[in-house]
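Input: a single structure, listed below in structure tokens.
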Amino acid sequence: MPEPVDAVEMRTALAGLRRTSGLPVAFGGLLSDARHARIGELDGARTGALRGLVISAGSGLGGKAIALARPCAVTDYPVSRHISHEYDTAVAAEGLRSVVAVPVVVRRTVRGVLYGALRTPVSLGDRTFDAAVAAARDVEQALAVRDEVRELLALTQEQAAAGPDAAPGAWEDVREAHRQLRVLAPRVADPALRDALLAVCGRLASASGARATPAAAMEVRLAPREVDVVACVAAGATNAAAARQLGLRPETVKGYLRSAMRKLGAHTRLEAVVAARRAGLLP
């Protein structure tokens, strides 16, 4: 079964491609292995002929884009001499003629392919190419964030389970992982993954066990962005650095920090960090 990102970010990217390019049809899918992609999402299609189609590297237009790791296009798909024609039946059923295919590349590895198409044989211009590439970049960014989240989650599971018994040096790793996960959370579009990420953040924050004061935890309620800012401050970030990490304006960070300090009863940045840890809001 495809990952949720195939059904969320891919669908969003395809809708964006149609909107920005004016192309009536967009479709795509992720690779199931190093050489095969499955078309899992369609936008603007009149039939289901393309859904579930498995594209092999080197075959057809999309397979060519996968093999070369670069965008490819044809003006008239059925008669093009520059591609093989294994998928002509499905393409003809949908009535596609001019088609562009763009690979989704993350860390120099092709992870999927995205198509835009017309039902008339015309040359596709730079605006269309730019829109298709931009849509693929959106999927690439989503996959990169997802990969980073998974790596961080894997690294922190054992440390979170160790709780107060974790080695002193390990707590610095836990705190840095917690900060990075908090920074990444707003960029994750998949609700299930975002919820899992925030749940792990909660486990990391409370994993210190004896360090947290139950009474303080009950009294303090920080907004998610306030926790994000305090987590950045705990890692030594200035307001400007925290703003860059969180994608906020420095003035907004100052506002969140002031609000958090007031709720924590803190007068300095250090006091805010210590109070947040005592309240079980930070590891």
Side-chain angles (χ1 to χ4, degrees), residues 1-17 27-41 54-55 57 62-63 65-71 101-115 132-161 170 172-205 207 224 227-228 231-232 235 237 241-242 244-248 283:
M1 294 295 292
E3 298 277 356
V5 70
D6 194 11
V8 180
E9 279 85 353
M10 181 66 77
R11 186 181 303 135
T12 301
L14 295 177
L17 171 57
F27 52 101
L30 300 182
L31 268 68
S32 56
D33 56 43
R35 293 188 56 81
H36 300 90
R38 177 184 175 276
I39 303 302
E41 294 298 324
V54 176
I55 308 300
I66 292 171
L68 297 177
R70 62 175 176 80
V102 182
V104 174
V105 184
V106 180
R107 297 178 183 176
R108 300 184 180 181
T109 299
V110 178
R111 298 278 294 275
V113 62
L114 183 152
Y115 301 80
V133 170
R137 296 300 91 86
D138 288 343
V139 179
E140 290 169 2
Q141 183 178 28
L143 288 172
V145 169
R146 190 181 180 89
D147 289 349
E148 190 172 354
V149 167
R150 284 176 166 173
E151 291 169 3
L152 285 169
L153 290 177
L155 287 172
T156 56
Q157 290 291 344
E158 183 177 345
Q159 292 168 326
E172 294 308 314
D173 294 336
V174 169
R175 288 167 177 165
E176 177 57 18
H178 176 269
R179 183 193 66 79
Q180 292 184 42
L181 288 170
R182 297 283 322 186
V183 169
L184 287 171
R187 297 167 56 193
V188 177
D190 176 11
L193 179 60
R194 186 170 59 249
D195 289 346
L197 185 159
L198 292 174
V200 170
C201 285
R203 287 186 61 199
L204 291 175
V227 177
D228 295 343
C232 288
R244 287 193 298 272
Q245 294 168 15
L246 297 171
L248 301 172

*Grab the two heavy atoms, one from Ile55 and one from Tyr115, that are nearest each other, plus how far apart they are.*
CG1-OH, 3.6 Å

So, using side chain to side chain donor-acceptor pair (under 3.5 Å) as the criterion, who are the partners of [X] when residues are at least two apart?
| X | answer |
| --- | --- |
| Arg244 | none |
| Arg107 | Glu151 |
| Asp147 | Arg111 |
| Arg182 | Asp228 |

*Quick one: side-chain contact (heavy atoms from CB on, under 4.5 Å) partners of Val183, sequence neighbours excluded?*
Arg179, Cys232, Gln245, Leu246

*asked:* Restricting to side-chain contact (heavy atoms from CB on, under 4.5 Å), what partner residues turn up for Ala13, sequence neighbours left out?
replied: Leu114, Ala135, Val139

*What distance separates Thr109 OG1 from Leu143 CG, expressed to the nearest 0.5 Å?*
11.5 Å

*asked:* Rounded to the nearest 0.5 Å, what separates atom CD1 in Ile39 from atom CG in Leu30?
replied: 10.0 Å

*Given side chain to side chain contact (heavy atoms under 4.5 Å, CB included), test Asp138 with Glu9 step by step and report yes or no.*
CA-CA 8 Å; Asp138 288 343; Glu9 279 85 353; over 6 Å; no

_Other residues, nucleotides and ligands only: do more than 12 of their heavy atoms fall within 6.0 Å of CZ on Arg137?_
yes

*asked:* Here's a test for you: under side chain to side chain contact (heavy atoms under 4.5 Å, CB included), which of Leu31, Val110, Leu68 qualifies with Pro103?
replied: Val110

